[in-house]
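Some notes on the structure that comes next.
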Amino acid sequence: MSDVAEAQVEITLPDGAKRTYGTGTTGAEVAADISKSLGKAALACRIDGKLADLSQPIEHDAQLAIVTAKDDAALELIRHDCAHIMARAVQELWPEVKVTIGPVVDNGWYYDFDREEPFSDEDFAAIEKKMREIIAKRDPVTTEVWDRDRAIRYYEANNEPYKVELVEAIPEGEPIRMYWHGHWQDLCRGPHLVHTGQVPADAFKLMRVAGAYWRGDSRNKMLQRIYGVAFRNKEDLKAHLTMLEEAAKRDHRRIGKEMELFHIQEEAPGMVFWHPNGWSIYRTLEDYMRRRLAKAGYKEIRTPQVVDRVLWERSGHWENYRENMFITEIDEGSEAGGHANQKRTNALKPMNCPCHVQVFNQGLKSYRDLPLRMAEFGACHRYESSGSMHGLMRVRGFTQDDAHIFCTEDQIEEETARFIPLLASIYRDMGFESFEIKLSTRPEKRAGSDEIWDKAEAALESAVRKVTNDYVIDPGEGAFYGPKLDFKLTDAIGREWQCGTFQADFVLPERLGAEYVAADGTKKRPVMMHRAILGSFERFIGILIENCAGRFPLWLAPRQVVVATIVSDADEYAGNVLEALKDSGLRAEIDTRNEKINYKVREHSAAHVPVILAVGRQEVEQGTVSMRKLGEQGQKVMPLAEAVAAIAAEAVPPDLREDG
RNA sequence: GCCGGCAUAGCUCAGCUGGUAGAGCAUCUGAUUUGUAAUCAGAGGGCCGGGGGUUCGAGUCCCUCUGCCGGCACCA
């Protein structure tokens, strides 16, 4: 032991400087040694790149970096300590509450508690106050590594059953780290700040309380989760709260109401009533997709929405998906006098694939027909659980931009390679520049031989690589019937949405007996590729609304132009302007109300109308219009024909533009 | 489905500890003919989400159903 005590470690700092200390020195000591101010500012450290407590002894030569408030890691530390400080505050206020886990999440943290009484908004104020008291105390944060039995006994003695479970779950060989924030104790991986006073007292806020299952399993008890946000300083917190307000303003449910796009009502939860403005967007989008798919070699079809259970039994949906299906039962034959009350059970289709196989199965298919790309704007219904519905984003009745590609195993790669650029181009046209690709590979429980999985996974991956090396693999996350690619796009405020998908299926063609005649004259099974780009029209329009905050690009805007009169003497001329716009295929409306032009401009601008053409006496005399574009200050007076041509040119859908 | 919250005029919301409803915007009517983000005046408008209960009396308290909101779970 004495050898060790005398031994020295060489510490290399980020600027390359080397310093020598006794073995077991700590980051705190080194920081204080470098300078008094650094010693004070130090929050934590990195030992050989790994974030660690300042109090952690350094036993070997190491790279050491001191983490201060400027460091990116500081935020995470602050949030993590907030979680502990909040848990301590809660237990000081209500000692009977049992603590569980409290990780850092985007912008803040949460902590799950087991408490009989629900937390109320009033409780939040009390908890925040208590947290500030704890911060003001500047209680030191200390840590020890305990052995498992001791930790378990400790938590049993303290009546913290969840902590006992957590300790038991820590894998052999991993340290069981106990932390104290002052007198209050928690099990934690760490690292933590040096003392509670390093958390800014004015830069955190408790946001909301929500239910959450213990360990995320719905069979377990529901706990109460308190979410909070924390930042380096008051200004950042304020900026974040402002950002949340801005995000709320682009909520598609709110904009949908304001712009009269759609509504949903109690008698049809999760089903959309599209209003004229919303339906205009929908149809414009559908027309666009129809052109894109036709150009990409897809044949559009249409299949029934109500189908006998027999088909669902054959496809496997009856067994695996029934609880998500709308089922109808009707009496047949009772009136005809035959067998009374024969029941026939149908289901509303939750997916289009079985129907598409039926179309494929009509007539004998040759290998020369493959790949066969069968597209449908398929109206589907799924009985989604009541708690999962959300505006247009998660509904029970929706229409997919669905297609199935029937092909040979050898064609999977080529079809994948065709699909990805099509998807990218469509996303770009919709205003989304970037997206992520995820490859999900074979799960434990699966159908199909290893050979075919090997082949399909390799085909998907190789096709992706032709486009980009920027993709992630999610092992074991594939469907039981085949591997898949998922595509996630990023919207204007940085949120990600999974829309596109490209999935191989080895099972359904088998179950529904799809086959083709191969070149050698034998019958073979095709592989089926399920694929969608938008996902569903409903959800995608929801995403579009939030992405542009209701200010649609001209080609998608439901009302492209409003002609607004300044004086009633201009009414007749305004009518002519309207006709000219409509003749050019533009969606235009006229506003001859007895209101000031200020009023009209304000109202139509608020409604996100892209172009307002104001006409007064001057315009009538000169045959001009005064054009005002949304988002721009001021206006331009120009001859009517010129204005119409300019607007019409801008309103051409992106796939039909000359400049491509 | 689970936990918590919410449901009042077309919209956004107020209505304290129970005493048969109120504002702004919108709508309608009238005046005003107006030059680029709100002209003025007046009027109409509500089974207070549905059902049940407590009470002399319920928008307000209790139970229940439905829907919505925030999460969680789900999303072969």
Side-chain angles (χ1 to χ4, degrees), chain A residues 105 110 112-115 117-121 123 207-227 248 251 253-254 257-258 260 263-270 315-325 350-351 353 382-391 393-396 443 445-447 478-482 484 498 501 503 505 507-508 530 535 539 564-571 592-607 609 612-619 626-637:
Chain A
V105 293
Y110 68 75
D112 287 350
F113 300 97
D114 184 5
R115 180 195 188 211
E117 190 89 353
F119 286 109
S120 68
D121 289 350
D123 292 338
M207 300 301 284
R208 55 176 56 98
V209 58
Y213 297 108
W214 167 236
R215 301 195 144 185
D217 189 330
S218 59
R219 287 167 301 191
N220 289 342
K221 180 162 186 183
M222 182 154 281
L223 307 170
Q224 296 189 65
R225 173 172 298 177
I226 300 180
Y227 284 89
D251 190 310
R253 293 166 300 193
R254 172 191 176 127
K257 198 176 275 176
E258 284 167 359
E260 296 177 76
H263 86 271
I264 297 172
Q265 68 186 48
E266 201 168 332
E267 291 80 358
S315 70
H317 287 85
W318 196 258
E319 192 186 342
N320 296 309
Y321 203 69
R322 191 179 162 189
E323 61 195 28
N324 285 299
M325 290 162 73
M351 298 171 196
C353 21
R382 293 181 190 171
Y383 187 79
E384 301 287 357
S385 65
S386 58
S388 66
M389 288 184 292
H390 179 91
M393 301 304 192
R394 186 92 176 259
V395 287
R396 287 179 173 162
K445 280 176 71 177
R446 61 177 179 269
F480 78 90
Y481 51 74
K484 63 173 180 179
Q498 200 243 292
T501 189
Q503 316 187 356
D505 188 342
V507 172
L508 203 60
H530 306 256
R539 179 160 176 272
T565 53
I566 296 166
V567 292
S568 53
D569 287 349
D571 285 2
T592 55
R593 288 176 304 170
N594 181 6
E595 295 289 352
K596 287 187 166 182
I597 192 63
N598 296 285
Y599 181 89
K600 296 183 183 181
V601 165
R602 180 176 195 277
E603 191 176 274
H604 299 303
S605 299
V609 174
I612 298 170
L613 296 183
V615 291
R617 285 206 183 85
Q618 207 186 332
E619 286 73 19
S626 170
M627 182 157 84
R628 183 191 177 93
K629 286 189 166 184
L630 186 62
E632 288 177 18
Q633 292 291 326
Q635 52 281 332
K636 247 197 288 193
V637 177

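Since the structure is predicted, the reported quantities are computational estimates derived from the model, not experimental observations.
Residues meeting the ring pair (Phe, Tyr, Trp, His ring centres under 6.0 Å) test with Phe119(A), sequence neighbours left out: Trp94(A), Phe113(A). By the side-chain contact (heavy atoms from CB on, under 4.5 Å) test, Thr592(A) is found to be paired with Thr565(A), Asp571(A), Ile590(A), residues two or more places apart in sequence or in another chain being considered. Remark: Arg253(A) pairs with Asp251(A), His390(A) by the side-chain contact (heavy atoms from CB on, under 4.5 Å) rule, at least two apart or across chains. Shown here are the side-chain contact (heavy atoms from CB on, under 4.5 Å) partners of Ala479(A), two or more places apart in sequence or in another chain: Tyr481(A). By the side chain to side chain donor-acceptor pair (under 3.5 Å) test, Asp569(A) pairs with Arg617(A), sequence neighbours left out. In this structure, the side-chain contact (heavy atoms from CB on, under 4.5 Å) partners of Asn324(A), at least two apart in sequence or on a different chain, are Tyr321(A).
With pairs defined as Watson-Crick or G-U wobble and both atom distances under 3.5 Å, the stems of at least three pairs that touch RNA chain B come out as B:1-7 with B:66-72, B:10-13 with B:22-25, B:27-31 with B:39-43, B:49-53 with B:61-65.
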Hey, what are the protein-to-nucleotides 60-68 of chain B N/O distances that come in under 3.5 Å?
| residue | atom | partner | partner atom | Å |
| --- | --- | --- | --- | --- |
| rU66(B) | O2' | Glu266(A) | OE2 | 2.8 |
| rU66(B) | O2 | Glu266(A) | OE2 | 3.4 |

Below 3.5 Å is the cut-off: list the nitrogen or oxygen pairs between protein and nucleotides 74-76 of chain B, distance only.
| residue | atom | partner | partner atom | Å |
| --- | --- | --- | --- | --- |
| rC74(B) | O2 | Arg394(A) | NH2 | 2.8 |
| rC74(B) | N3 | Arg394(A) | NH1 | 3.1 |
| rC74(B) | N3 | Arg394(A) | NH2 | 3.4 |
| rA76(B) | N6 | His317(A) | ND1 | 3.4 |
| rA76(B) | N6 | His317(A) | NE2 | 2.9 |

Distances under 3.5 Å between protein N/O atoms and the N/O atoms of nucleotides 11-13 of chain B, please, pair by pair.
| residue | atom | partner | partner atom | Å |
| --- | --- | --- | --- | --- |
| rU12(B) | OP1 | Lys257(A) | NZ | 3.3 |

Enumerate all atom pairs, one protein N or O and one N or O from nucleotides 40-47 of chain B, separated by less than 3.5 Å.
none

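Interface remark: the Tyr213(A) side chain does not form any donor-acceptor pair with the rG71(B) base, using a distance-only criterion of under 3.5 Å.
Residue Tyr599(A) places none of its side-chain N or O atoms closer than 4.0 Å to OP1 or OP2 of rG35(B).
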* Does the side-chain hydrogen bond (donor to acceptor under 3.5 Å, both in side chains) test come out yes or no for Gln265(A) and His263(A), once each step is laid out? -> CA-CA 7 Å; Gln265(A) 68 186 48; His263(A) 86 271; 2.9 Å; yes
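Applying the salt bridge (charged side-chain N to carboxylate O under 4.0 Å, His left out) definition to pairs two or more places apart or across chains, those involving residues 628-637 of chain A are Lys629(A)-Glu650(A).
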